[in-house]
Amino acid sequence: MKAVVLVGGEGTRLRPLTYATPKPLLPIANRPFLERQLTWMAASGIDEVVLSLGYLPDAFRAHFPDDRFGDLRLRYAVEDEPLGTAGAIRFAAETAGIDERFVVCNGDVLTALDLSALVRFHDERDARATIHLVRVTDPSAFGVVPTYPDGEVKAFVEKPPPGQAPTDWINAGTYVLEPSVLERIPAGINVSIERETFPRMLEGRGALYALEHDVYWLDIGTPDKYRAAHLDVLAGAVGRPPVADATETEPGIWIQPGAVIDASTRLVPPVLIGADSAVGPGAYVARTSVGAGCVVGYGARVDGSVLLDGAEIGRASDVVDCIVGPDATIPEAGTVRDEILVADRPE
Ligand code: GTP
């Protein structure tokens, strides 16, 4: 089965991290997010993935130089202009010659959805399109999707005012589509599948269904959620170990090969210390993911944070709820809260 993954967005909410690296290639617990998504797809019988690209397409080609990821064949559809979610799906499907039912995933959704169950549900109902729905406590920031008892979609309610949503089930950004849906998408212009194509499919009955499946689900697209995704992955939300070569030395403490941790360091789970990183004497590292080749200096405190590869935290500094970008440095005794810090790059 083929799949289209939408990875063409600029990821503006994760700037400045996404100036250099597109959001899907940012790591979650020391593994690029897209690799996690591709592994999940391959485990559900997907054998070819079309990456729907626009922003920084060469970064993806460089990441997968053989156009493969394990047994998955990768293809690329690069838009000249952003085509929106539906326009991008049509363009990607045409570029790759997709002519049978296929899967579509947003490239920023981390989930434990059983993709095979979504495809089965779609086939059993002879649907034209099927949407995965998850339940959230506050649906007011999402596309809310009420359904009939057999799963047929009743309506789309985009970002309902707080307390007025008809249901707590929201569009989770994973779809199964028949190729006939592509004919409903105008070619070459910016079209949104959730705001235009799906609502228009409700003009007739029996075409659009949705599966309520309340599994782990997170859109990683904001700094808070990007950090939260690390803690969830370290806690086993999408399987264990959180990254292939990590060893759990105490409950919730994961260490990768070559990491050197001083005996006087205090680690509070969940914590991941990446390969060849050094954590100095008297340091305190809590609820944090540390990348490869990082340094946490003597007596530093790092809490609720994500350090990407090569980050350096100076002695006695205090870093809380931060994302420290690749090779970025926090000076000695620096105090930072709730920030994204990136290395200065040569002009
Ligand atoms: P923000 O700029 O922070 O909103 O992030 P984003 O650019 O990723 O946008 P958003 O989170 O709304 O997009 C959801 C998914 O669709 C992401 O995986 C994007 O990469 C992808 N996406 C959004 N718009 C387009 C588009 O025009 N073309 C393609 N190919 N993908 C898109």
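Whatever order the structure lists ligands and atoms in, that order sets their numbers, starting from 1. All figures in this text were calculated on a predicted structure; none of them were measured in a lab.
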Next on the checklist: Looking at K2 and E100, is any side-chain nitrogen of the basic one under 4.0 Å from a carboxylate oxygen of the acidic one?
Outcome noted: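 Salt bridge between E100 and K2, a charged N being under 4.0 Å from a carboxylate O: no.
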Item to check | Residue shell around ligand 1, heavy atom under 4.0 angstrom | outcome: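 Correct list: L6, V7, G8, G9, E10, G11, T12, R13, K23, S52, E79, P82, L83, G84, A88, N106, G107, D108.
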Next on the checklist: I need the minimum non-hydrogen distance between D214 and R135, along with the two atoms involved.
Outcome noted: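 Answer, listing the atom of D214 first, then R135: OD1-N, 3.5 Å.
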Item to check | Modelled atom types, side-chain donor and acceptor of T39 and R31, under 3.5 Å | outcome: yes
Checklist entry - Going by atom types only, do E332 and S317 share a side-chain donor-acceptor pair under 3.5 Å? => result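 Short answer, no.
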Checklist entry - Do side-chain atoms of T265 reach the backbone of G280 as a donor and acceptor pair under 3.5 angstrom? => result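 Pair found, side chain donor or acceptor close to backbone of G280.
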Checklist entry - Is there a donor-acceptor pair under 3.5 Å between the side chain of E212 and the backbone N or O of L133? => result no
